[in-house]
Amino acid sequence: IVLVAASFYLAWPAFSLYQIADGVKLKDESKLENKIVWGSVREHLREPVSERVKKEIENQSKDHGIEGMLAGKIAGEFTPKLVEKVLDAYVTPKGVIVLANQGGRINPDMLGINSLVTNFEQNNNANNNNGGNDLLGGLLGKAKDIVGSIEGGKELIGSTLGKYSKDLEQNLDKEAASGSQTKGTSYGLDNIKSFAFNGPLSFEVGLAKSPDAKEPDLIAGMSFVDMDWKLSKIIPSL
């Protein structure tokens with residue numbers, strides 16, 4: 001009984017963690033596909049991603065003058081949609097590899113919020129130059145019913161958010177391609193900084209990119225799902 005319990009709680013999850021770590025190290029997306037509970041990972045990532053997106057919108061809108069503040073305000077109204085787009089990009093094998101290689105920290109540059117605010121401004125200016133109204137000013141005053149109330153508002157939001165999705169995907173592709181000939185970050189026992197059980201079928205470990213770090217860069221949770229131990233939680237540093 002003791003050997004069976006030890007195998008279930010130690011050897012099996014340890015082997016699963018090894019497979020995940022090896023997939024990150026080798027940048028092998030196929031190794032990660034069936035070792036991660038994607039829906040659970042997405043939900044645990046939602047809060048830290050939301051905090052990061054909100055912070056970056058605030059930071060970037062300050063650097064673009066009055067119009068940038070308006071653009072930032074509009075972007076802020078669509079934070080939930082932006083968060084979903086970030087999650088769409090990161091909750092993939094490629095996204096997990098990139099996140100691990102970044103030490104578990106969400107790189108602000110990868111989010112492309114600066115480009116998002118700039119695109120709002122550019123689209124607004126193009127509309128004005130074509131004889132349209134000041135959409136940003138109008139949208140700001142109609143934040144709760146933007147699409148239905150402002151002429152051209154739907155096109156502005158759609159085109160900008162569409163380009164944002166493409167920018168995110170391109171950023172991930174560039175990050176994944178950079179140093180593609182080299183191995184990814186290697187995670188071993190020295191990278192584990194904390195360990196705790198959350199219940200009989202789940203536990204979490206704190207991981208740091210540097211073995212010399214005292215505090216973890218991210219929390220990774222493992223759960224027994226579909227007759228296997230899989231990654232079910234990623235909580236990155238902000």
Ignoring hydrogens and angles, tell me if any N or O in the side chain of Tyr90 forms a donor-acceptor pair with the backbone of Arg42 under 3.5 Å.
-> no

Taking C-beta and beyond as the side chain, do Asn198 and Lys233 meet within less than 4.5 Å on heavy atoms?
-> yes

Output for pair (Glu29 CD, Lys27 NZ), nearest 0.5 Å, gives 10.5 Å

Answer whether the closest heavy-atom distance between the side chains of Gln19 and Phe15 falls below 4.5 Å.
-> yes

Residue pairs passing the side chain to side chain donor-acceptor pair (under 3.5 Å) test with at least one member in residues 218-231, sequence neighbours excluded, are Trp12-Asp228, Lys35-Asp228, Ser223-Ser232

Quick one: CG on Leu3 to CZ on Phe8, what's the gap to the nearest 0.5 Å?
-> 15.5 Å

Shortest non-hydrogen contact from Leu45 to Leu87?
-> CB-CD2, 3.7 Å

Supply the atom-to-atom distance Leu111 CG to Asp167 CG, rounded to the nearest 0.5 angstrom.
-> 11.5 Å

Heavy-atom distance under 4.5 Å between the side chains of Pro13 and Phe203, does that happen here?
-> yes

Please examine the side chains of Ser16 and Met222, heavy atoms only from C-beta on, and report whether any two atoms are closer than 4.5 Å.
-> yes

Please answer whether the main-chain N or O of Gly104 pairs with a side-chain N or O of Asp217 as donor and acceptor at a distance below 3.5 Å.
-> no

Under the salt bridge (charged side-chain N to carboxylate O under 4.0 Å, His left out) test, residues paired with Lys85 that sit two or more places apart = none

Report yes if the side chains of Leu231 and Val37 come closer than 4.5 Å at any heavy-atom pair, otherwise no.
-> no

First locate atom CD of Glu175, then atom CG of Leu99, and finally report the distance between them rounded to the nearest 0.5 Å.
-> 10.5 Å

Quick one: does Gln102's side chain get under 4.5 Å of Lys209's, heavy atoms only?
-> no

Under 4.5 Å between any side-chain heavy atoms of Pro216 and Leu207, yes or no?
-> no

Looking only at heavy atoms, what is the nearest atom pair of Thr92 and Asp88, with distance?
-> CG2-O, 3.4 Å

Evaluate whether atom NZ of Lys193 has more than 12 neighbouring non-hydrogen atoms of other residues, nucleotides or ligands under 6.0 angstrom away.
-> yes

Check whether any side-chain heavy atom of Val205 sits under 4.5 Å from a side-chain heavy atom of Ile219, and report yes or no.
-> no

Evaluate whether atom OH of Tyr18 has more than 12 neighbouring non-hydrogen atoms of other residues, nucleotides or ligands under 6.0 angstrom away.
-> no

Salt bridge (charged side-chain N to carboxylate O under 4.0 Å, His left out) against Glu43, all qualifying residues, sequence neighbours excluded | Arg46

I would like to know whether Glu56 and Arg52 meet salt bridge (Lys or Arg N to Asp or Glu O under 4.0 Å); could you show each step before the answer?
-> CA-CA 6 Å; Glu56 286 309 306; Arg52 173 55 71 187; 3.3 Å; yes

Taking all heavy atoms of Val41 and all of Ile36, pick out the closest pair and write down the distance.
-> CG2-CG2, 3.6 Å

From CG (Leu168) to CG (Asp173), nearest 0.5 Å | 11.0 Å

Val83 and Ile235: same hydrophobic cluster, using ILVMFWY side-chain contacts below 4.5 Å?
-> no

